[in-house]
Structure formats: C-alpha cells, structure tokens
Chemist: 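Handing you this structure, nothing more for now.
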Amino acid sequence: MSEKPLSVEIKKITPYLWEIPKKGGMLVPGRIYGDEETILHLLKDAEEKKGGGFTPAIVQVLNVAMLPGIQKASIAMADIHPGYGFAIGGVGAFDIDEGVISVAGVGFDINCGVRVLKTPLDKDDVEAKKEQFANQLFRDVPAGLGSTGDIRLNSGEIDEVLIKGAEFAVKKGYGFPEDLEYIEENGKVQNADPDNVSKKAKERQFKQVGTLGSGNHYLEVQWVKEIYDLKAADAYDIRKNQILIAIHCGSRALGHQIGTDYLQTLSEASRKYNIPIRERELVCAPFKSPEGQRYFTAVNCGINGAFANRQVISHLTRKAVQHVFGIDMRDIALLYDVGHNTVKIETHEVDGVNKKLLVHRKGATRAFAAGRVEVPAAYREVGQPLLVGGTMGTASYILCGTQKGMEDCFGSAVHGAGRAMSREKAKREWRGEELIHELAHKGILIKSRSKSGVAEEAPGAYKDVDKVVDIVHGAGVNKKVARVRPLICVKG
DNA sequence: ATGTAC
C-alpha cells in the first residue's frame, strides 16, 4: 500500500503493441495496445502523479499483473486511461480455480454497454425533421442524474429483472423476442442470484429501468459515413447513409450499489485469504471462495439489470421513430448489444489448451471472432460486431472481432475513444452552452439537462477515436467495418 | 458511473 517510486520499463513489440516485462511481483507481463503517442501520454501521466493522487493507468496494468491466477498478460486496449483499481480499457483473465474476482475489474457501472438499432431511414430523412426528432427523443427517453422511468416494479419483479434481464423487458412488451438473439448472452447471463443483492441496491433499482443516466451515457442518432468492410457490413445489414441509433448506458444505481456493497465484502476477503494487494482499490477474493461466488452471482444480476435497461430504452426509441417518421417499430432491428464493464466465464486457448477463464473487461468490449458459437448465426461468418462509442462531436465505429484478437487479448476490443482529460479539468476548459452552440454549427444537435455534464463530455476531453481505432485495427485484434457520424445526441 | 463523499 505504501507509495513506491515509479520505475516502469516498457518495450515496443510492434508499432501498436507494447510490453511491460514481467518483474518484481508480476506473474505475467503487461501488454498495452497503443502507438508512440499513447505510450508517451501514459508515461508522462505517470511521471506527473509520482507525488500522489490517482494511480496512473500504466501502474494499474502492472498491479493487475500481480493478482493470483492471472493468465498470459495484464492487457490494456488502446483507449486506456486511469480507472478505479483497474485501468479503463483493462482486460484481466484468471484461472477459474486459482484466480480471483475483483470489483474494480468490472467497474461500478456494471455492464455499461452500447447497443445499436438499425433504422430504414437515410441521413436526409432525419435532416428534414432533426429538431422535431431530437425533441421527441429527449421527451421520451428519461435522461440525467437521478432520472426515473415509467416502470414501477414490485419486489418479485425486481428479482425477475435481475434473473431474466432483457427477456423480462420483452415479456413486459418492450421490444420483440427476436431482439434477444442480437444481445450478447441473449440479454441474460446465468448464475444471477438476487438473494446476494442488497435490499438497498434493489430499492435504488425499482424506478430506474428504462433510464439513460448521466455522465458519458447517451442516445445518439448517427449516419453511416463510411464502410470499410463490405462483407461484414452486408452481414450486419448496414449501408452507407443509413441512420443508426446508438444507446450507451448501464445498470444505473443498481450496479453502483452492488459494487459499493461488494467492495467491502472483497476487502475483508483479501485479508482473510491473504491476497497480496498493492492498493486498496484492487481488493479481490478467490473466485471459488464463498465471497467470490457471492460477488459473481450479484454482479450477474447487475449485468442483467443493464440488459433490461437498454431493452426498455430501445422500445422508447422505436416509439419515437415511429411517431416522427411513421415507421413501423418492427422495421427497426437490433444490430447488436455489447457490455463493456463485465466479468464472465469464457473458454480461451492458453498454451495450446482450451481453458475456462474468468475474464474481467473494464471499459473493454468482448470481441469474438468468426466461428464462435456465442456470435449470432447471421454474423458468425464475419465475427461479432463491436460497438465503439466516440464523442458527441466526432465519430463512432462498428468493428468486428478477429481470430488474432482471440489469440492475443482474449477476444477483446476498445470500447470508445477513452478520456484524455479528467472531468474536473474538462469543466474548467469548456462551457456547455458554447459547446452546444459549436456543435449545432457542425450539424450536431445536443439535448441535455446538464450544461456542466456537456462540458465534462467535450469532444476535446477525449482521445482521437480515429487514432484509437486505427491502433487496434493495425494491431489486427479488431477490424474496421463502418464509421458513423452523430446528428443528434441526447445526454444525461 | 452514482440520490457528489466516512
């Protein structure tokens, strides 16, 4: 726990992949996807924080490499930046028997993720009714800190959401059964036990199903500007100029409360099981311990809660599209839904042997390649869609998983641009009102109840998403399919 | 990220 002087050695493996050699208490090396600029930024950040403050992201990668049971490498994707305990963009895979489970490896916004809806509209259709459409979405989709939805759940139903995820929402009339096929895990992970979720977490959940939340969460109307991979785009059924709608949100207060509750549990477990912890934020428990299992079955409830949330928001979105453009809701299909704050049991090859691993992805998306049974049949020949959220002023991407990604980083992807600047600093640097004005000038309508929230999310506070995507594409672990640009952004 | 906080 004491402050140790920083001495991080980092080696270039390829122009897009760097390695922190295994030394000291590290059980595996650290591996970071990035270019020279990424690494320089990380080292500079580490140097500045030598005197204290938050642990730099590069040290967080190294800390994770010391956790018991870690396999192959402690990995960070190209959108790496400092997070709680684990770096955001961090991927840590652990042996099921010897390994640990960590709250920080998932993050507090459990199963925060992105889903994308495909509309039959073109860019021109939306341009013609942009203001009206933006207002409709802003009215229909609850957004902002403490926002509540129309659904009120009784206690039995809360448990049902936690067990059934998106399936519960569909059963209640939000969306269609065929949506479930296009959600990672079909919108419902197993091993979810509501008995291990506190009463407080459940109480915080009951009015929040179908709400966007705040921070970097958003609903964005986008148009497809470029297609890079025709075969994959065909399989995903997306085309140039088409209007897509991206929904980025998570498990709201439910996930946050589960994280808070289990941080305490795992803190005690770390001591009980004598796990060497370099910093307080990285507390964890052996996965097979009772404490580890309790967290796992609780985090799965959070994961299902987030799936249900995005499912309900999809319905509200479809209704708004139907209202403004007279389009049948059934003609708005789901492209895919992926979480980027998760922990899952997955099979991966380690030293030539298929092994069940516990994979933590914190600000990293699962990115399975062609052929994996987890990928929906319609996409199985090209690989899983990866939904990468950029910033409200720049671009977002649709990528697909690759075999190299399966081999090198447990089938993982970047999840966004990645912050380059803290929220505090961004608020000092920009004014929400001015940003909204500037973006309107560029043809991007922002709808938000919080001006300071907009400033925190200023495009300039993030890394360049094009560069971040070029890194993982260049490294061969994620493949470019399409690039989209925003037209309307509804924010918390 | 979160009804801004041991």
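Chain naming here is simple, since letters A, B, ... match the order of the sequence lines and numbering starts at 1 in each. From a predicted model like this one, the values you see are computed outputs, not experimental measurements.
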Chemist: Ignoring backbone atoms, establish whether A:S251 has a side-chain N or O less than 4.0 Å from OP1 or OP2 of B:dA1.
Modeler: no
Chemist: Of A:H248 and A:L145, whose nearest nucleotide on DNA chain B comes first from the 5' end?
Modeler: A:H248
Chemist: Between atom NZ in A:K491 and atom P in B:dA1, what is the gap in whole Å?
Modeler: 8 Å
Chemist: Test: ring pair (Phe, Tyr, Trp, His ring centres under 6.0 Å). Region: residues 180-215 of chain A. Which pairs qualify, not counting sequence neighbours?
Modeler: A:Y182-A:Y379
Chemist: Expressed in angstrom and rounded to an integer, what is the separation of A:N341 atom CG from B:dA1 atom P?
Modeler: 9 Å
Chemist: Decide, yes or no, whether a salt bridge links A:K200 with A:E203 under the criterion of side-chain N to carboxylate O below 4.0 Å.
Modeler: no
Chemist: Just jot down the ring pair (Phe, Tyr, Trp, His ring centres under 6.0 Å) partners of A:F368, sequence neighbours excluded, or say none.
Modeler: A:H348
Chemist: Residues in ring pair (Phe, Tyr, Trp, His ring centres under 6.0 Å) with A:Y84, at least two apart?
Modeler: A:F108
Chemist: Can you tell me how far C1' of B:dT2 sits from CD of A:Q257, to the nearest Å?
Modeler: 9 Å
Chemist: With sequence neighbours excluded, tell me which residues meet ring pair (Phe, Tyr, Trp, His ring centres under 6.0 Å) with A:H415.
Modeler: A:H340
Chemist: Tell me whether the OP1 or OP2 atom of B:dT2 has a side-chain N or O from A:R252 closer than 4.0 Å.
Modeler: yes
Chemist: Who pairs with A:F94 by ring pair (Phe, Tyr, Trp, His ring centres under 6.0 Å), at least two apart in sequence or on another chain?
Modeler: A:H360
Chemist: CD of A:Q208 versus P of B:dA1: gap in Å, rounded?
Modeler: 15 Å
Chemist: Rounded to the nearest angstrom, tell me the gap between atom CG in A:N111 and atom C1' in B:dA1.
Modeler: 13 Å
Chemist: At 4.0 Å (heavy atoms only), tell me whether A:G215 reaches a base, stays on the sugar-phosphate, or touches nothing.
Modeler: sugar-phosphate
Chemist: I need the NE2-P distance between A:H217 and B:dA1, as an integer number of Å.
Modeler: 5 Å
Chemist: Quick one: A:H256 NE2 to B:dA1 C1', roughly how many Å, whole number?
Modeler: 6 Å
Chemist: Without decimals, in angstroms, what is the distance between A:E281 CD and B:dA1 P?
Modeler: 16 Å
Chemist: For A:Q264, report the nucleic acid contact type (base, sugar-phosphate, nothing); a contact means any heavy atom under 4.0 Å.
Modeler: nothing
Chemist: Name every residue in residues 414-425 of chain A that has at least one heavy atom under 4.0 Å from any atom of DNA chain B, in order of residue number, or write none if there are no such residues.
Modeler: A:R423
Chemist: Any carboxylate oxygen within less than 4.0 angstrom of a Lys/Arg side-chain nitrogen, looking at A:E157 and A:K172?
Modeler: yes
